[in-house]
Amino acid sequence: MDDHLLERLRRFHNDYFPDYKDKFQRLVEQGQHPTILFVGCSDSRLVPYMLTGTGPGELFIVRNVGALVPPYNGLHGLHGTAAAIEYAVLNLHVSHIIVCGHSHCGAMKALYEEISPEAKNLQAWLDLAREAALPVQVSEEALRRTEQRSVVLQLERLMDYPMVRQRVERRQISLHGWHYVIEEGEVYVFDVKSGRFVPASHAEHSGTGPYHDVDPDNGSIFNEVDASWYPGGNS
């Protein structure tokens, strides 16, 4: 049986690595200094480096089923995603955090289906997205809306991390909510002022997270946006 993984490892070493050897050497000598934390779904069709046009050393990536953010106070024990967020903010001093969901997401679809009783961890994990589900029969439109609602829900949960909230309020970190539509090759970016996801090909920015100069009473804020992000809200 052919070992395709071994072939790919050799191809990396022989064909790819020589072109980037100096780059990797600098990253070893000088350490990594990524400016972006990318929280993305584990889906194989989502390729962060292709979407962002970045290379080695430019993204700090954490991926999980559904691109979900656990609560700051933990989820029954150890959690790699929470640790990655803390490390990216406190140690790497990133200036951008992207939460990237996508179309045809199996995790979002699973919110409307029965899950195998053997998948106990998956069942508990998907609880982090339950609020994004709609009280309707599942459809393509419902799934699209659920995927986008979940992205904003994760942005909201990020603001419960004290180190994130502090840096957002000081304008040291920008939050970005993205929804990648695979079949279009288009990323829709969340605009907190209009409460909508706007196609990046027509957007004026790469997505805006919560900022204190947005009026929460203008009637256009997406329904997951927490009023505590704004002046007069709960701290």
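Looking at every heavy atom in both residues, Leu68 comes nearest to Val39 through O-CG1, 4.4 Å. Here the shortest heavy-atom pairing between Val151 and Val99 reads CG1-O, 3.7 Å. The minimum heavy-atom distance between Pro70 and Trp125, with the atom names listed, is CD-CH2, 4.4 Å. In terms of heavy-atom proximity, Lys109 sits nearest to Leu143 at CA-CD2, 3.7 Å. The two residues Cys100 and Leu51 come nearest to each other via the heavy atoms SG-CD1, 4.2 Å. Considering all non-hydrogen atoms of both residues, Ala129 and Leu153 come closest at CA-CD2, 4.2 Å.
In this structure, the side chain of Gln154 engages the main chain of Ser150 through a donor-acceptor pair within 3.5 Å. With hydrogens and angles disregarded, a donor-acceptor distance shorter than 3.5 Å links the side chain of Glu186 to the backbone of Ser201. Without hydrogens or angle criteria, Asp2 side chain to His4 main chain gives no donor-acceptor distance under 3.5 Å. With Arg165 contributing its side chain and Met159 its backbone, the two residues share a donor-acceptor pair below 3.5 Å.
Side-chain atoms of Cys105 and Cys41, non-hydrogen and from C-beta on, do get closer than 4.5 Å to each other. The shortest side-chain heavy-atom distance between Glu141 and Val136 does not fall under the 4.5 Å cut-off. Using a 4.5 Å heavy-atom threshold, the side chains of Ile36 and Val94 count as separate. Put simply, the side chain of Glu7 does not reach to within 4.5 Å of the side chain of Asp3, judged on heavy atoms. Side chains of Val164 and Arg157 form no contact here, defined as non-hydrogen atoms less than 4.5 Å apart. Between Leu128 and Val69 there is no side-chain heavy-atom pair separated by less than 4.5 Å. With a 4.5 Å cut-off on side-chain heavy atoms, Glu113 and Val138 do not count as touching.
Taking the six-membered ring where the residue is Trp, His179 and Phe197 present perpendicular rings, their angle passing 60° and hence far from 30°.
Rounding to the nearest 0.5 Å gives a distance of 10.0 Å between OG of Ser103 and CD of Gln148. With values rounded to the nearest 0.5 angstrom, Ile85 atom CD1 is found 10.5 Å from Phe60 atom CZ. Note that CD of Glu131 is 7.0 Å distant from CD of Glu156, once rounded to the nearest 0.5 Å. Remark: Asn121 CG to Leu126 CG distance equals 11.0 Å, nearest 0.5 Å. In this structure, the separation between CZ on Phe190 and NE2 on His205 is 9.5 Å, given to the nearest 0.5 Å. The distance from atom CD1 of Ile115 to atom CG of Leu122, rounded to the nearest 0.5 Å, is 4.5 Å.
Residue pairs meeting the salt bridge (charged side-chain N to carboxylate O under 4.0 Å, His left out) criterion with at least one member in residues 116-127, sequence neighbours excluded, are Asp127-Arg130. Residue pairs that meet the ring-ring contact (aromatic ring centres under 6.0 Å, His included) test with at least one member in residues 127-163, sequence neighbours left out, are Tyr72-Tyr161. For residues 84-96, the pairs satisfying side chain to side chain donor-acceptor pair (under 3.5 Å) are His96-His176, with sequence neighbours left out. Each ring-ring contact (aromatic ring centres under 6.0 Å, His included) pair with one or both residues in residues 31-55, not counting sequence neighbours, would appear here, but there are none. Within the structure, the salt bridge (charged side-chain N to carboxylate O under 4.0 Å, His left out) test picks out the following pairs touching residues 31-55 (sequence neighbours left out): Asp43-Arg45. Every pair passing side chain to side chain donor-acceptor pair (under 3.5 Å) that includes a residue from residues 52-68 is listed here, sequence neighbours excluded: Thr52-Thr54, Asn64-Thr81. Applying the ring-ring contact (aromatic ring centres under 6.0 Å, His included) rule to pairs touching residues 101-121 yields nothing, sequence neighbours excluded. For residues 127-160, there are no ring-ring contact (aromatic ring centres under 6.0 Å, His included) pairs, not counting sequence neighbours. Applying the side chain to side chain donor-acceptor pair (under 3.5 Å) test to pairs two or more places apart or on separate chains, none has a residue in residues 10-20.
If you chain together hydrophobic residues whose side chains sit under 4.5 Å apart, Leu46 and Ile61 fall into the same group. No single ILVMFWY cluster, assembled from side-chain heavy atoms under 4.5 Å apart, contains both Val47 and Leu59. Using a 4.5 Å cut-off between side-chain heavy atoms of Ile, Leu, Val, Met, Phe, Trp and Tyr, with links allowed through other members, Leu155 and Val89 fall into the same hydrophobic cluster. A continuous path of Ile, Leu, Val, Met, Phe, Trp and Tyr side chains, each step under 4.5 Å between heavy atoms, connects Leu92 with Ile173, placing both in one hydrophobic cluster. Cluster membership for Leu37 and Leu175, using ILVMFWY side-chain heavy atoms within less than 4.5 angstrom, is shared.
Glu29 is linked by a side chain to side chain donor-acceptor pair (under 3.5 Å) to Gln25, counting only residues two or more places apart in sequence or in another chain. The side chain to side chain donor-acceptor pair (under 3.5 Å) test applied to Tyr188 returns Glu184, not counting sequence neighbours.
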Practice task
Check step by step if side-chain contact (heavy atoms from CB on, under 4.5 Å) holds for Glu204 and Val189.
Solution key: CA-CA 10 Å; Glu204 297 179 353; Val189 301; over 6 Å; no
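Cluster partners of Leu5 are absent, since no Ile, Leu, Val, Met, Phe, Trp or Tyr has side-chain heavy atoms less than 4.5 Å from it.
At most 12 non-hydrogen atoms from other residues, nucleotides or ligands lie less than 6.0 angstrom from CD of Gln137.
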